[in-house]
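Worksheet: the structure to be examined is printed underneath.
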Number of protein chains: 2
Amino acid sequence: MTGIDDVARAAGVSTATVSRALSGRGVVSAATREKVLAVAGELGYVVSVAASSLASGRAQSIGVLVPLPDLWFFSTVVSAISGRLLPHGYDITLFNLTENPAERRVLFDRSLRRGRIDGLIVLSAWLSAAEQAELAALDVPVVGIGPSPALPTLVVDDVAVGRAATAHLLALGHRDIAHIGQSDGDDFHIPTLRRRGWEQALTDAGIAPRDDLYAAGDFTLEGGRAAARRLLTGPAPTAIFAASDEMAVGALVAARDLGLAVPGDVSIVGVDGHELSRFFDLSTVDQFPHAQGERVADAMLAALGELEAPAEVGLPFELVVRGSSAAPPA
Amino acid sequence: MTGIDDVARAAGVSTATVSRALSGRGVVSAATREKVLAVAGELGYVVSVAASSLASGRAQSIGVLVPLPDLWFFSTVVSAISGRLLPHGYDITLFNLTENPAERRVLFDRSLRRGRIDGLIVLSAWLSAAEQAELAALDVPVVGIGPSPALPTLVVDDVAVGRAATAHLLALGHRDIAHIGQSDGDDFHIPTLRRRGWEQALTDAGIAPRDDLYAAGDFTLEGGRAAARRLLTGPAPTAIFAASDEMAVGALVAARDLGLAVPGDVSIVGVDGHELSRFFDLSTVDQFPHAQGERVADAMLAALGELEAPAEVGLPFELVVRGSSAAPPA
DNA sequence: TTGAAAGCGCTAACAG
DNA sequence: CTGTTAGCGCTTTCAA
């Protein structure tokens with residue numbers, strides 16, 4: 001491996017100057033900088049992270065903590081983060097947060113603490129308060145996406161999301177609007193917030209939210225289908241607001257299986273902006289996951305002093321009306 | 001930060017002994033090892049990767065090169081790799097291979113060469129031969145998934161996959177079997193191999209493959225739908241073999257849109273074992289992506305000397321017959 | 001089985 | 001603007 005002194009020798013300068021020229025820290029005359037860059041290029045020299053990190057304290061890597069890396073939403077966000085951080089010289093270290101307590105301990109006690117990362121991005125509402133506190137106690141900046149009691153995070157106003165979806169259905173003339181979600185009463189729980197939005201919108205319209213128009217789903221296609229089947233064979237609402245696009249597609253299929261036309265007999269609205277929603281012509285509240293990844297990456301860069309701190313505005317969302325929602329049957 | 005000499009002092013031994021006790025390299029008496037482990041635990045000491053890596057040459061991290069991290073197949077494989085490598089103390093560094101030439105250069109010239117990784121796992125058939133050669137020239141072991149001219153990889157026999165799907169349809173009595181895929185004539189191109197399998201199975205059955213029963217799809221839902229629409233409104237085959245589950249689901253929807261019953265009027269078979277295939281009751285050739293991730297992780301561990309080299313067998317696949325395939329209409 | 005000590009390859013004062 | 005030099009915190013000979 002060619003090292004920094006090979007470059008120094010070939011360029012006729014000291015290693016300190018090579019370091020300065022290559023890192024951009026400290027002053028170097030334009031002429032020597034160019035010389036050094038040229039020589040380094042010819043020699044194919046690349047700074048060793050290990051040595052650089054040991055000497056400088058900077059690891060040139062950002063950790064991303066993900067609960068379910070194979071969920072479309074998370075992998076999309078990670079992909080966006082990666083794209084944003086690469087140009088700044090940061091690599092991405094992926095930490096898969098499993099349910100396994102032993103693995104979690106290894107993760108929190110060792111992986112995250114061995115100095116590999118300059119910062120941590122947390123994509124998980126599924127951390128205990130204690131775990132969130134542990135993260136906050138790391139000696140690196142931590143930023144996240146989603147409501148959290150202990151971490152600085154970027155959030156979508158999920159109550160407003162629920163209201164937007166429900167208000168859309170109300171405006172179309174629906175009154176029996178069901179909800180598929182997963183409410184646990186926690187203020188930092190996204191599904192709970194979306195359910196609140198549903199309740200608020202109904203209440204604002206002078207309609208009492210009915211418990212029998214709520215069905216729990218587990219955010220999968222199958223869960224959405226099962227929940228919708230229960231709703232449509234029971235109280236038979238004219239519209240369903242599902243807390244995710246995957247559940248909404250499940251509901252779409254359930255309706256078809258029951259011989260119901262969408263949106264003729266029942267309207268369906270989801271949340272996410274998932275690729276499936278476009279394919280199935282599903283009305284949804286898009287929350288722009290890719291943009292979320294970019295925003296959280298920017299927040300991290302700001303925390304690292306590499307960027308101006310961006311304005312503190314909530315993450316955007318937008319109702320996208322497609323073919324799955326229309327006026328209720330006459 | 002507590003360092004190795006804090007531990008050494010508290011345990012009453014030298015730093016060399018602490019290092020040996022914690023790393024498991026070199027001999028330490030059982031008694032001292034326990035003492036050291038206990039003290040390290042109390043102090044919450046964690047070895048610094050930077051220092052350890054600089055001194056030992058081991059970075060404790062494996063790179064994973066992924067073309068499209070947000071595709072279900074890839075994110076599933078990455079997730080499995082991560083689960084397998086964590087217990088061995090390796091972190092995962094995710095390298096997102098984009099189409100952007102500038103980003104690719106940064107990746108190949110810097111990120112991959114700065115000594116952060118002890119090995120590289122390549123999930124990409126989309127590397128040029130030159131790039132594959134560059135990877136082979138890294139000073140770390142490289143293993144991949146999918147056919148490659150220059151890299152050691154684990155492969156599914158994709159010709160056999162195509163034959164299995166087609167043979168299934170033939171056995172049901174179909175003769176006009178269409179294929180949706182993407183063939184470019186390259187021997188290291190998975191879609192091409194699947195198409196060959198389709199052709200071989202037909203030929204073996206005494207049926208000449210027809211060009212008008214082939215339609216190109218881009219491995220998306222939309223691409224599958226468009227291709228199927230062309231096939232079903234044209235030569236009207238009684239069965240379609242799609243080279244991916246996403247395209248197969250697209251075909252399923254296209255058939256319904258045209259008023260055709262599946263499998264009554266047309267049978268459909270996909271490839272992958274995608275979650276969508278189960279939900280849509282789609283017959284498919286499962287290639288067990290999660291197991292692929294574990295297998296390639298094991299291959300990496302073997303290359304690093306942490307595991308016995310596993311037997312050199314091809315990656316498994318299996319025809320899963322569900323409700324989308326049946327005998328052709330009478 | 002353990003300890004002393006020489007680096008690993010860089011960076012960042014500090015001097016000049 | 002550039003060079004000298006002392007570490008950064010470990011690992012690993014080598015000796016004992």
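In what follows, chains are A, B, ... by sequence order, proteins preceding strands, each numbered from 1.
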Query raised in the report: Between which nucleotides of DNA chain C, read 5' to 3', does contact with chain A run, using atoms under 4.0 Å from its heavy atoms?
Result: dG9(C) to dA13(C)
Under the side chain to side chain contact (heavy atoms under 4.5 Å, CB included) rule, collect the residues that match up with [X], sequence neighbours excluded.
{"X": "S23(A)", "result": "R25(A)"}
{"X": "A16(A)", "result": "S14(A), R20(A)"}
{"X": "D139(A)", "result": "M1(B)"}
{"X": "V78(B)", "result": "L94(A), V64(B), V66(B), L94(B), L123(B)"}

Report task. Can you sort out which residues in residues 17-25 of chain B have a heavy atom within less than 4.0 Å of DNA chain C? Ascending by number, please. Result -> T17(B), R20(B)
Is it the case that the side chain of [X] and the backbone of [Y] share a donor-acceptor pair, with hydrogens and angles ignored and the cut-off at 3.5 Å?
{"X": "T153(B)", "Y": "G146(B)", "result": "yes"}
{"X": "R104(A)", "Y": "L97(A)", "result": "no"}
{"X": "Q292(B)", "Y": "V77(B)", "result": "no"}

So do the side chains of [X] and [Y] get within less than 4.5 Å of each other, counting heavy atoms only?
{"X": "I4(B)", "Y": "L22(B)", "result": "no"}
{"X": "L127(A)", "Y": "F108(A)", "result": "yes"}
{"X": "V28(A)", "Y": "V36(A)", "result": "no"}

Report summary line: Numerically ordered, the residues 33-44 of chain B set in heavy-atom contact under 4.0 Å with DNA chain D is none
**Report entry** Axial bend angle, the helix from dT1(C)-dA16(D) to dG16(C)-dC1(D): five-pair end segments, nearest 10°
**Finding:** 30°
Query raised in the report: At what distance, to the nearest 0.5 angstrom, does CD1 of I62(B) lie from CD1 of I117(B)?
Result: 7.5 Å
Write out all pairs satisfying side-chain hydrogen bond (donor to acceptor under 3.5 Å, both in side chains) with one or both partners inside [range], taking only residues at least two apart or from two chains.
{"range": "residues 47-63 of chain B", "answer": "S61(B)-T93(B)"}
{"range": "residues 107-118 of chain B", "answer": "D91(A)-R114(B), D91(A)-R116(B), R105(B)-D109(B)"}
{"range": "residues 293-309 of chain A", "answer": "R84(A)-D298(A), H88(A)-E306(A), Y90(A)-E306(A)"}

Query raised in the report: For DNA chain C, whose closest nucleotide is more 5', that of A16(B) or that of A55(B)?
Result: A16(B)
Requested in this report: Could you tell me whether R114(A) contacts a base, only the sugar-phosphate backbone, or nothing, with contacts defined as non-hydrogen atoms closer than 4.0 Å?
Outcome: nothing
Report task. For N96(A) and L86(B), run side chain to side chain contact (heavy atoms under 4.5 Å, CB included): C-alpha distance rounded to whole Å, both residues' side-chain angles, the deciding distance at 0.1 Å, then the answer. Result -> CA-CA 9 Å; N96(A) 187 172; L86(B) 181 74; over 6 Å; no
**Report entry** For chain B, the stretch of DNA chain D it reaches, first to last nucleotide, under 4.0 Å of its heavy atoms
**Finding:** dG9(D) to dT13(D)
Query - Most 5' of T15(A) and A30(A) on DNA chain D, judged by nearest nucleotide - result: A30(A)
